[in-house]
Amino acid sequence: MRSTFFSLLVVMLVGVAVPAHGSPQMKRKDGGSGGGNGNGNSGIPSVANAKNAACKPLYGARDAIMGGIYHGRCNDYARASVRLAFHDAGTYRTADGLKGGADGSMLTDPLEVQRGENNGLQSITAALQPLPAQFGLSPGDILHLAGVLGVMACPGGPTIKTYVGRAPPPLGYTAPDGRLPNPNSPVQKLTDDFAATGFSIRELMALIGAHSTGRQRFQDAATSGNPLDSTINIWDVRFYSETQNAMAAPGTFRLASDVNFAHNATTQKDYSRFVGNQDNWGQEYSAAHEKMSLLGFNKNTLTDCSEVLPLPIDLKNAYVTSSGKQPTDPAVDPAKLEALIQQYRSIWL
Ligand code: HEM
Ligand SMILES: *[C@@H]1O[C@H](CO)[C@@H](O)[C@H](O)[C@H]1NC(C)=O
C-alpha cells in the first residue's frame with residue numbers, strides 16, 4: 001500500500017516536470033505506471049530526441065503500428081498482436097538454444113500462419129508483413145514491437161522493455177508444430193510445456209492475464225467473439241477474479257485452462273496473487289512478456305530501444321473511486337478513461 005502510494009506520488013511529480021513532447025528521460029521512474037497527470041502532455045517520445053541511433057527506425061514502425069493499425073486503441077488488431085507475440089515465441093523450448101523463438105517466423109512462414117492453432121492471427125500477420133522491409137527492421141523486431149505496443153494500446157497495459165537486433169529466421173526455417181498450448185490439456189501438461197519454454201508457474205499465471213483483453217472465436221461457435229472477461233478494452237485484473245468465480249460473468253467465455261489454473265492446488269496460489277492486484281500483475285506480466293520476446297536470443301546481442309515507447313496509461317487515474325482505500329476491483333469511469341486515451345495516445349487516434 002505504502003509503496004503503491006509512493007510510486008503514484010513519483011508519477012505525479014515526474015509528470016508535472018514533463019517538457020512538451022516528452023523527452024525520453026521522463027520515462028517510467030516508477031517501473032510501469034504513469035499517465036493521467038492532466039498537464040496536457042502526450043508523453044510520446046519523438047524521434048527528434050532519439051537517444052540511440054540504432055533505435056531511430058523503430059519510431060516510424062511504432063507510429064505505423066500504433067497509429068496505422070491500432071489507431072491508438074485496444075482494438076482487435078492490438079489484442080491479436082499480443083497473442084501473435086506468444087504464438088511466435090511460444091514454439092520455443094530451452095533445449096533449442098539460440099534457434100527459433102521470438103524470430104518473427106509468423107511473418108515469414110506461410111505454413112506456420114495456416115496452422116489451426118494460429119486461426120484468428122491471419123489479419124494481424126498480413127497487416128504487419130510489409131513493415132520489416134518498409135522500416136529496415138527484422139520480422140522478429142517488428143512482431144515483438146507490435147506485441148508490446150498491443151499491450152500498451154490497451155489502457156492499463158504496462159511498459160515492457162523493447163529490443164532490436166533479432167536476426168531474421170533462416171530461409172526455409174519452420175517453427176516446430178504442436179508446441180502451443182491447448183486449452184483442454186490437463187494443467188500438468190500445460191505447466192510442463194511452459195517449463196520447457198523457460199517459464200515458471202508464477203510467470204505463466206502472470207502471462208495468461210493477457211486474456212484480460214482477449215476474445216475467443218474458435219473455441220465455441222455459438223458464442224464466437226465473446227470476450228474472456230467483462231472489460232475487454234482495458235488491461236485489468238478483472239479477468240483473474242471473474243475466471244475464479246463459480247459462474248462466468250454474463251456475456252463472457254472462459255477457457256477451460258484458465259478455469260483450471262484458478263482452482264488447481266499447484267497453480268491457484270500464484271494465480272490468486274493477481275486477483276485485485278493490478279500493480280503486482282503489471283510488474284510481473286511486464287517481466288514475463290519481456291522474457292517471452294527474447295526467447296531464442298541472447299539479450300546482450302540486442303539493443304534496448306524502450307525509449308520509443310509511450311507512457312503507459314494508469315487505470316488508477318480512471319477509477320470511479322480514486323481516493324482512499326481502493327476496493328479490490330475498482331470500476332473504471334469511461335469518460336475519465338477516454339480523456340486519458342485522448343491525452344496519451346493523441347497522435348495515433
Ligand atoms: C495455457 C496457456 C494458454 C492457452 C491454453 C491459451 C489459449 C487461448 C485460446 C484458445 C484463445 C482463443 C482463441 C480463439 O478462439 O480465437 C486465446 C486467446 C488469446 N490468448 Fe491465449 N492461451 C494461453 C496463453 C496465452 C499467453 C501466454 C498469451 C500472451 C502473453 C496469450 C494471449 C492471448 C490473447 C491476447 C488472446 C485473444 C486474442 C484475440 O482476441 O484476438 N495467451 N488463448
Ligand atoms: C494440478 O496441477 C499439478 C501440476 O501441474 C498436477 O500435477 C495435478 O495433477 C493437477 N491437479 C488436478 C486435479 O488436475
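All ligand and atom numbering here is 1-based and tracks the order in the structure. What's counted below: heavy atoms across the whole structure, side chains too, no hydrogens, waters or symmetry copies.
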When you measure from the side chain of Asn226 to the backbone of Gly251, do you find a donor-acceptor pair of N or O atoms at a distance under 3.5 Å? yes
Would you call the rings of Tyr240 and Trp281 parallel, tilted or perpendicular, where under 30° means parallel and over 60° means perpendicular? perpendicular
Verify whether the ring centers belonging to Phe218 and Phe253 lie closer than 6.0 Å. no
[X] to ligand 1: N or O pair under 3.5 Å?
X: Arg217; answer: yes
X: His211; answer: yes
X: Arg215; answer: yes

Test of understanding: clusters of I, L, V, M, F, W, Y form through side-chain heavy atoms closer than 4.5 Å, transitively. Do Leu107 and Tyr163 belong to the same one? no
Test of understanding: clusters of I, L, V, M, F, W, Y form through side-chain heavy atoms closer than 4.5 Å, transitively. Do Phe199 and Val187 belong to the same one? yes
For [atom], what is the closest protein heavy atom, and at what distance to 0.1 Å?
atom: atom 35 (C) of ligand 1; result: Arg79 O, 3.3 Å
atom: atom 37 (C) of ligand 1; result: Gly214 CA, 3.3 Å
atom: atom 2 (C) of ligand 1; result: Pro181 CG, 3.5 Å
atom: atom 38 (C) of ligand 1; result: Arg83 CD, 3.7 Å
atom: atom 10 (C) of ligand 1; result: Gln219 NE2, 3.4 Å
atom: atom 26 (C) of ligand 1; result: Phe86 CD2, 3.5 Å

Looking only at heavy atoms, is any part of [X] under 4.0 Å from ligand 1, and if so is it the side chain, the backbone, or both, or is it neither?
X: Ser257; result: side chain
X: Leu255; result: side chain
X: Phe218; result: both

Taking atom types as modelled, is there a side-chain donor on [X] or [Y] under 3.5 Å from an acceptor on the other?
X: Thr231; Y: Asp236; answer: yes
X: Thr174; Y: Asp109; answer: yes
X: Thr108; Y: Tyr173; answer: no
X: Gln216; Y: Ser224; answer: no
X: Ser138; Y: Asp141; answer: yes
X: Thr252; Y: Glu242; answer: no

Which protein residues have a heavy atom under 4.0 Å from ligand 2? Val187, Gln188, Thr191, Asn264, Thr266
Just jot down the ligand 1 atoms closer than 4.0 angstrom to any heavy atom of [X], in number order.
X: Tyr285; value: 30 (C)
X: Phe194; value: 1 (C), 2 (C)
X: Phe261; value: 1 (C)
X: Gln216; value: 12 (C), 14 (C), 15 (O), 16 (O)

With Leu295, which of Thr197, Asp103, Thr91 fulfils side-chain contact (heavy atoms from CB on, under 4.5 Å)? Thr197
